[in-house]
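Here the structure comes first, spelled out in structure tokens, and everything after it is commentary.
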Amino acid sequence: MQMNKGLENIQNIYFVGIGGIGMSALARYFKSLNKNVAGYDKTPSQITNDLSALHIAIHFKDDIQAIPEVFLNKENTLVVYTPAVPKNHKELNYFMEHNFSVKKRAEVLGIITQNTYTLAVAGTHGKTTTTAILGHLLKESGAKVTAFLGGISENYNSNLILEGNEVVVVEADEFDRSFLQLHPDIAAITSMDADHLDIYEKANALEESFIEFSAKAKDYLLVCNGLPVVGMTFGIDDDSDYCAQHIRIDNGTYIFDLKTPDQYIKDLHLNLPGKHNLLNAITAFAIALLYGSPTESLAKALFSFKGVQRRFSYQIKTDDLIYIDDYAHHPTEINALHQAVREMHPNKNVLAIFQPHLYSRTRDFASEFAQSLSQFDQLLLLDIYPARELPMEGVTSEWLLEMVDIENKKLIEKHGIIDEITKSKAQVVLTIGAGDIGEEVNSIKEFLLV
């Protein structure tokens, strides 16, 4: 793998927030190029454990003294940070005050995509799964692809696919307008629902940002049918350029036909539940066709795609009990999760365990959250996961719970999850959220399997 122009003289890459899903993919990428890689993160996790296994030095205390000496040479060191890092971070401020080359993760992805054919997937929902499907489709059909994923692919147990440098697949993140740093040849927009209003303030500002991103696509632009952006369209049973038709479900598998502008592909198989995932698969398939991948190889690869961790991720699937873990953290995503659960497991009693993510998001979409959570039979609600935010007066899980319109609802702490599951008569258990609820999954699974 060759080094991209603009990064040739860099030997050391230091990550502030190395445990983030996008940051860790970049860390793996640079390690594969035989660069010195190290970093800081707030807390240990499975991701940091996996990076440490690659001989990447990581520490968990914000301390300038803990930075390995080789990374203090500003001539050949690049510092990469995530916008989620607080502004008073000592290490990050040290690098900035001493005039190191300091770039956001998105800027580095921008440099990588500048001189390589790039396929970029944007959208407030769906981009991680779509990107993971696309990376898998290209790899399995023989493309020399590097794919930066916003989640851990079940097929590779990684958030990075490294098969070569002829084409780059990247998740185009709208947070902090990061995706405007990219240089896509083919781009897709899966959705444009209001989100990140802490950054954008108004929904129309978010929309304008997506429109600006869409203009960056050099060769093709794909958009979900109905979005206020002009491009080739994809959809389900409508007049889209790429349209799923004759959809059936056989033992948890979608079987469908795909109408494209120049061919009709019959009997594609997708082993992911939910109409939202069907849209994700159509998007990825369409991009791969536009890139020039052979249809037959793509059909075979789609069937073998296993999914992304924490995206409708089956932990237990028996006749008596279903346990699914999902990253949903926006009302639209919770609605999609609910639709998939009811479609795949009809007439079953469903217990949802939800951890809200960000005070601002909870405030901005409180009534929508209440409506989406009211669709489940039972609800256990955890405290709001703050991530990068400080508490906001009056914005609490108790406040949100009052708006939820079901009888069987309760506010709990994380250590009480298993006790509450024991009391429940639910046949389907869901853990939902983008915070640290994912760290409880293994212990819940182990308990339920006893």
Side-chain angles (χ1 to χ4, degrees), residues 119 121-123 125-143 145 147 153-155 169 186-191 219-227 229-308 311-312 314 332 335-346:
L119 316 177
V121 180
H125 326 292
K127 58 184 174 288
T128 295
T129 300
T130 304
T131 306
I133 297 172
L134 179 57
H136 178 69
L137 292 180
L138 293 182
K139 177 192 175 293
E140 289 297 297
S141 58
V145 58
S153 165
E154 298 277 12
N155 289 81
V169 171
I186 303 175
I189 301 175
T190 62
S191 52
D219 291 345
Y220 301 101
L221 174 69
L222 278 160
V223 297
C224 189
N225 202 346
L227 293 182
V229 182
V230 177
M232 302 177 79
T233 54
F234 58 88
I236 297 172
D237 284 330
D238 57 18
D239 60 352
S240 298
D241 298 306
Y242 293 84
C243 180
Q245 300 177 341
H246 304 122
I247 300 154
R248 301 85 84 194
I249 296 174
D250 181 17
N251 196 25
T253 296
Y254 278 121
I255 303 170
F256 65 100
D257 301 340
L258 182 64
K259 176 186 75 69
T260 83
D262 53 15
Q263 59 180 314
Y264 194 87
I265 307 162
K266 298 191 81 168
D267 297 335
L268 291 172
H269 287 64
L270 175 70
N271 290 311
L272 297 185
K275 291 288 197 315
H276 61 299
N277 278 323
L278 195 52
L279 278 170
N280 295 337
I282 297 163
T283 313
F285 209 97
I287 297 170
L289 286 173
L290 289 169
Y291 177 66
S293 299
T295 304
E296 203 172 292
S297 301
L298 294 177
K300 194 174 172 185
L302 185 64
F303 178 66
S304 67
F305 181 72
K306 295 178 184 175
V308 179
R311 300 325 194 265
F312 207 98
Y314 279 107
T332 303
N335 288 336
L337 172 63
H338 177 264
Q339 181 272 324
V341 168
R342 297 298 189 192
E343 184 176 53
M344 293 297 165
H345 307 289

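All values below come from the heavy atoms of this structure, side chains included, with hydrogens, waters and symmetry mates left out.
- Of all heavy-atom pairs spanning M344 and P273, the tightest one is CG-CB, 3.4 Å.
- You'll find the side chain of N271 stays beyond 4.5 Å of the side chain of K306, heavy atoms only.
- Applying the ring pair (Phe, Tyr, Trp, His ring centres under 6.0 Å) test to F312 and every residue at least two apart in sequence or in another chain returns Y314.
- In this structure, the side chains of L270 and T253 stay at 4.5 Å or more apart for every pair of heavy atoms.
- Counting only heavy atoms from C-beta outward, the side chains of I255 and I247 never approach each other to under 4.5 Å.
- By the 4.5 Å heavy-atom criterion applied to side chains, T128 and R311 are counted as neighbours.
- A distance of 11.0 Å separates OH of Y220 from CG of L289, quoted to the nearest 0.5 Å.
- Residues passing the salt bridge (charged side-chain N to carboxylate O under 4.0 Å, His left out) test with D267 are R248, sequence neighbours excluded.
- Residues passing the side-chain contact (heavy atoms from CB on, under 4.5 Å) test with A286, sequence neighbours excluded: L222, Y242.
- Here the straight-line distance linking atom CD1 of I265 with atom CG of L302 works out to 10.0 Å at 0.5 Å rounding.
- H276 is not listed as a side-chain neighbour of H125, based on a closest heavy-atom distance of 4.5 Å or more.
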Under 3.5 Å donor-acceptor pairs involving side-chain atoms of residues 129-139, not counting sequence neighbours:
| from | atom 1 | to | atom 2 | distance (Å) |
| --- | --- | --- | --- | --- |
| T130 | OG1 | G126 | O | 2.7 |
| T130 | OG1 | N280 | OD1 | 3.2 |
| T131 | OG1 | K127 | O | 2.5 |
| H136 | ND1 | Y156 | OH | 2.6 |
| H136 | NE2 | A301 | O | 3.1 |
| H136 | NE2 | S304 | OG | 2.9 |

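- Of all heavy-atom pairs spanning G307 and L272, the tightest one is CA-CD2, 3.8 Å.
- Shown here for D237 and Q245, the closest heavy-atom pair between the two residues is OD1-CA, 3.5 Å.
- Atom-to-atom distance recorded for K300:NZ and E140:CD is 8.5 Å, nearest 0.5 angstrom.
- A donor-acceptor distance shorter than 3.5 angstrom exists from the side chain of K259 to the backbone of S240, with no hydrogens or angles considered.
- For the pairing with T233, the side chain to side chain contact (heavy atoms under 4.5 Å, CB included) check across V223, L221, D238 returns one residue only, V223.
- V121 is listed as a side-chain neighbour of I287, based on a closest heavy-atom distance under 4.5 Å.
- Each side-chain hydrogen bond (donor to acceptor under 3.5 Å, both in side chains) pair with one or both residues in residues 281-299, not counting sequence neighbours, appears once here: Q263-T295.
- The CG atom of L258 sits 6.5 Å away from the CD1 atom of I282 when rounded to the nearest 0.5 Å.
- Here CE of M232 is found 12.5 Å from CG of N225. Values are rounded to the nearest 0.5 Å.
- Taking CD1 from I236 and SG from C224, the interatomic distance works out to 8.0 Å, rounded to the nearest 0.5 Å.
- Sorted by first then second residue, the ring-ring contact (aromatic ring centres under 6.0 Å, His included) pairs that include residues 246-272, not counting sequence neighbours, are H269-F303.
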